[in-house]
Amino acid sequence: MPGPSPGLCRALLGLWAALGLGFLGLSAVAQEPFWADLQPRVALVERGGSLWLNCSTNCPRPERGGLETSLRRNGTQRGLRWLARQLVDIREPETQPVCFFRCARRTLQARGLIRTFQRPDRVELVPLPAWQPVGENFTLSCRVPGAGPRGSLTLTLLRGAQELIRRSFAGEPPRARGAILTATVLARREDHGANFSCRAELDLRPHGLGLFANSSAPRQLRTFALSPDPPRLAAPRLLEVGSERPVSCALDELFPVSEAGVYLALGDQRLSPNITFEGDALMATATATASAEQEGASQLVCNVTLGGESRETRENVTVYSFPAPVLTLSEPTIPEGKVVTVTCTPGARVLVTLDGIPAVIPGQPAQLQLNATEDDDRRSFFCDATLKVDGETLSKNESAELRVLYAPRLDDSDCPRSWTWPEGPEQTLRCDARGNPAPSVHCARSDGGAVLALGLLGPVTRALAGTYRCTAANNQGEAVKDVTLTVEYAPALDSVGCPEHITWLEGTEVSLSCVAHGVPPPRVSCVHSGKARVLEGLLRVVREYAGTYRCEATNARGSAAKNVAVTVEYGPSFEELSCPSNWTWVEGSGQLFSCEVDGKPEPRVECIGSGGTSDGLLLPLAPPDPSPSVPSISNELAPGIYICNATNRHGSMVKTVAVSTESPPQMDESTCPSHQTWLEGAEAAALACAARGRPSPQVSCSREGVPRPQRLRVSREDAGTYRCLATNTHGTDARTVTVGVEYRPVVAELAASPPGGVRPGGNFTLTCRAEAWPPAQISWRAPPGAPNIGLSSNNSTLSVAGAMGSHGGEYECAATNAHGRHARRITVRVAGPWLWVAVGGAAGGAALLAAGAGLAFYVQSTACKKGEYNVQEAESSGEAVCLNGAGGGAGGSAGAAEGGTEAAGTAEAQAGGEVFAIQLTSA
């Protein structure tokens with residue numbers, strides 16, 4: 001008999017080694033020394049807080065013990081081997097209490113560490129300057145007194161929400177408290193009005209506490225930029241007493257320009273400027289008014305202040321007094337032929353000139369005399385005054401007008417003897433007379449008729465034509481003149497002389513004439529529109545004379561035109577194109593028979609059936625001008641022969657019409673079902689679709705989207721939506737057909753979970769997935785006597801909880817629908833422990849050794865007699881597996897699936913080899 005295998009021997013040696021190590025561990029514990037312990041060993045307490053310390057030992061009977069610390073105590077509790085003490089008002093940054101016990105002539109000690117922390121309750125940002133120049137640096141300084149430990153502090157300087165600088169004080173000594181952070185910042189324009197603040201964070205989260213944060217009150221920074229140039233001051237060099245003159249002061253490169261202050265003054269008089277801004281530029285405008293007390297040299301001052309700095313400009317202004325000269329007439333209004341005196345009086349130091357004649361010396365008046373005539377009426381006299389101020393000559397002037405009284409004059413230029421006006425447009429009728437005072441003019445007919453409204457804008461009418469006597473009068477005399485008014489007007493064509501409508505009868509003799517009214521008398525001509533034919537004299541009427549004629553009357557003042565419609569009447573007549581002899585009516589079109597008959601006036605047409613099914617029936621006719629309200633042929637029309645009769649007041653005519661009927665294609669559910677079903681594998685055939693109609697329609701069907709390939713048998717890919725189209729000469733009809741393809745069931749997947757071996761008491765699940773249309777019904781066949789089997793709602797999943805040996809065996813999943821059945825099988829094996837090994841000392845080890853020897857003998861002699869023996873990592877996994885020589889299957893697997901189709905009532909099964917499973921499970 002062969003000996004034990006090397007692998008089994010190695011496993012037993014490892015077991016003995018583990019037992020020996022366990023005995024050694026128990027001996028080491030028995031020799032461990034005594035100790036003292038302090039809890040908590042390391043503590044972090046808020047400054048001023050309290051803490052309980054627990055001092056203990058494992059010495060069975062300590063002689064004495066205690067807790068040494070410099071902190072204040074509030075209470076103590078004791079036991080045989082422990083001591084608890086409360087420490088209060090802890091303020092020292094760091095202290096080390098010592099726990100000690102005396103045991104077996106030895107001193108046992110445990111040293112602890114207590115540190116305090118203080119929240120950043122005070123965060124202070126040093127005040128900022130009132131105004132900070134743009135482009136210069138300023139200092140931000142943040143203080144957090146007392147907060148700590150400093151090594152857990154982080155300070156951040158912020159501009160609004162933007163971090164400028166962030167510093168962590170990690171690495172500082174544990175006893176260090178408080179912190180200062182300083183930064184130099186360059187002032188910018190965008191910093192104006194910005195809030196700066198400091199945020200302090202004490203991060204004690206690594207010590208099991210939280211993050212304590214606080215921020216300083218924000219401080220607002222005001223920045224400014226002031227141009228080094230002085231303001232630009234615009235002011236008059238000379239300023240007259242009592243006058244108002246504008247002054248302005250401007251300065252660029254200011255920021256913020258709205259914060260700038262402006263001081264504007266004339267001497268001691270402060271002005272009230274109106275200040276406007278444009279970008280970074282400032283403009284201050286004001287009105288300067290000088291008083292008599294300010295006469296002489298003065299100064300205009302402009303001062304611009306921003307951010308505590310200022311820029312100033314001064315300008316010299318001379319204030320002077322210059323009264324205007326006084327111009328007088330001895331008589332402003334004087335009758336023709338009398339003498340008038342004109343005088344110009346100046347102020348002091350002022351030289352005057354009257355109508356180009358200067359005074360003798362400054363300050364003296366200038367004077368002249370004249371004999372008034374008609375030409376002096378409305379004559380203007382001018383007095384110019386000059387004054388020299390600060391090297392500059394100033395001037396002022398005055399004027400006066402002389403009025404001379406004289407009798408009226410009626411000149412041909414102002415009141416012509418002959419007037420010719422066109423009628424219609426508004427005119428201002430004028431007959432002006434000269435005279436002072438202004439004369440009144442009256443024009444009336446000598447017979448006491450119409451009066452002309454002179455000087456007023458009004459329409460000119462024919463009634464105003466005639467001869468008028470115009471009289472002009474004022475308090476100095478009177479003037480008389482006769483005038484003639486001629487009113488011309490364009491031609492007019494009225495209905496009496498030229499009627500709008502004329503009716504002629506074909507074959508009769510007539511003439512076309514139009515009479516027009518107008519001054520001067522107009523010439524009239526009538527032309528046939530579009531044919532350039534002029535009708536003159538006596539004419540024999542033919543149909544070609546019908547139409548519209550353009551009659552136009554012309555004279556010197558314009559022209560008038562009028563359309564004259566000439567109608568030529570005649571008896572009715574049929575034309576094949578407008579009333580066909582053969583007509584086909586299409587069913588459902590609602591079409592009416594169109595039979596248009598030529599004739600004036602329009603003939604009345606009626607078509608009546610003659611013989612057959614149409615005998616005595618009236619054929620509906622389409623009106624000449626169809627409208628939505630005209631009825632249509634809704635259902636049926638009797639075919640046959642119809643007699644059409646056309647009549648008007650000049651005669652009648654008859655025509656025979658043959659009527660036939662046809663219809664457009666039509667498909668419905670009865671001729672082309674909207675849902676059709678095919679069976680996979682059946683012989684391919686066309687869709688069952690037909691259509692009604694005359695002539696017989698052609699029907700064609702095609703699949704929407706991807707075209708259907710040509711096949712001999714039906715495939716699942718043939719399923720989809722098809723569009724069938726029926727066509728004949730009268731139109732088309734379409735119908736959508738949905739084709740479904742049904743097929744036999746196939747079990748596509750049969751799987752076990754878990755995929756490995758199933759132990760007794762374990763759970764497993766079998767999943768079955770089938771492909772079929774219509775959907776298949778799932779059924780299972782389990783090993784006989786297998787209890788506690790659960791199925792899902794659709795039977796697709798079989799589950800077992802607490803597997804037993806009776807659950808092992810073959811399971812079958814079958815899928816069934818109207819077209820067949822298909823089944824697959826899977827084998828489930830339940831493998832359990834063969835041996836439990838308990839180790840309990842030397843006697844147990846000997847028993848284990850004997851059992852191992854027996855196990856080795858059994859494996860080699862019995863368990864593996866049918867196959868090859870293979871140990872798979874027996875030292876670690878505790879499993880040994882035997883496989884048969886033919887490779888029939890692996891031990892520990894859940895099973896192997898097998899299946900076959902049973903469409904014809906037969907089942908296929910796959911033969912499997914024998915499998916033996918051996919499993920060692922450690923306790």
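Keep in mind that what you see is a predicted model, and the values were worked out from it rather than measured.
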*asked:* Looking at Gly507, is its backbone amide N or carbonyl O close enough to the side chain of Arg540 to form a donor-acceptor pair, meaning the two atoms are under 3.5 Å apart?
replied: yes

*asked:* If I take atom CG from residue Leu370 and atom CZ from residue Phe381, how far apart are they, to the nearest 0.5 angstrom?
replied: 5.0 Å

*asked:* Whether the side chain of Gln294 engages the backbone of Ser291 through a donor-acceptor N/O pair (distance < 3.5 Å, no angle test) should be reported.
replied: yes

*Salt bridge or not for Lys655 and Glu575, using N-O below 4.0 Å?*
no

_SG proximity flag Cys431/Cys415, limit 2.5 angstrom_ = yes

*Take the angle between the ring planes of Trp419 and Trp421 and call it parallel below 30°, perpendicular above 60°, tilted in between.*
parallel

*First locate atom CZ of Arg379, then atom CG of Leu402, and finally report the distance between them rounded to the nearest 0.5 Å.*
8.0 Å

*Indicate yes or no: does Arg649 engage Glu569 in a salt bridge with an N to O separation below 4.0 Å.*
yes

*Answer yes or no: are there more than 12 heavy-atom neighbours, outside Arg543 itself, under 6.0 Å from its atom CZ?*
yes

*Say you draw a straight line from CG of Asp432 to OG of Ser413; how long is it, rounded to the nearest 0.5 Å?*
9.0 Å

_Rounded distance [0.5 Å steps], OG1 in Thr345 versus CD in Gln367_ = 8.5 Å

_Polar side-chain atom of Asn474 near backbone of Pro437 as donor-acceptor pair, under 3.5 Å_ = yes

*Indicate, with yes or no, whether the SG-to-SG separation of Cys514 and Cys526 is under 2.5 Å.*
no

*Short side-chain to backbone donor-acceptor contact, Arg409 and Ala407, under 3.5 Å*: yes

*Any side-chain donor paired with an acceptor under 3.5 Å for Ser380 and Glu401?*
no

*Residue pairs, two or more places apart or on separate chains, that pass disulfide bond (SG atoms under 2.5 Å apart) and touch residues 310-353*: Cys344-Cys383

_salt bridge (charged side-chain N to carboxylate O under 4.0 Å, His left out): pairs with one or both residues in residues 264-284, sequence neighbours excluded_ = Arg189-Asp280

*Mark yes when over 12 heavy atoms from residues, nucleotides or ligands other than Lys562 sit less than 6.0 Å from its NZ; otherwise mark no.*
yes

_Within the 3.5 Å criterion, strictly below it, is a donor on Ser495 or Glu500 matched to an acceptor on the partner's side chain?_
yes

*Count the heavy atoms belonging to other residues, nucleotides or ligands that lie under 6.0 Å from CZ of Arg550, then report whether that count exceeds 12.*
yes

_Reference residue Cys644; test disulfide bond (SG atoms under 2.5 Å apart); the match among Cys595, Cys607, Cys579_ = Cys607

*Counting heavy atoms not belonging to Arg604, are there more than 12 under 6.0 Å from its CZ?*
no

*Test item: Asp376 side-chain N/O and Thr373 main-chain N/O as donor-acceptor pair under 3.5 Å*: yes

*Donor-acceptor pair, side chain of Arg311 and main chain of Ser227, under 3.5 angstrom*: yes

*Any side-chain donor near an acceptor of the partner, Ser395 and Asn397, under 3.5 Å*: no

*Any sub-3.5 Å donor-acceptor pair from Thr287's side-chain atoms to Glu244's backbone N or O?*
no

*Determine the interplanar angle of the Tyr545 and Trp504 rings, folded into 0 to 90°, and report it as parallel if under 30°, tilted if 30 to 60°, perpendicular if over 60°.*
perpendicular

_Using a 3.5 Å distance criterion without hydrogens, assess whether the side chain of Asn648 forms a donor-acceptor pair with backbone atoms of Tyr570._
yes

*Using salt bridge (charged side-chain N to carboxylate O under 4.0 Å, His left out) as the criterion, point out the one residue from Asp412, Asp482, Asp411 that pairs with Arg417.*
Asp412

*Backbone N or O of Pro520 within a donor-acceptor pair of the Asn555 side chain at under 3.5 Å?*
yes

*asked:* Is it the case that over 12 heavy atoms from other parts of the model lie below 6.0 angstrom from the CD atom of Gln269?
replied: yes

*Report the distance from atom CZ of Arg434 to atom OH of Tyr406, rounding to the nearest 0.5 Å.*
5.5 Å

*Measure from the side-chain N and O atoms of Asn436 to the backbone N and O of Val404, and report whether any donor-acceptor pair falls under 3.5 Å.*
yes

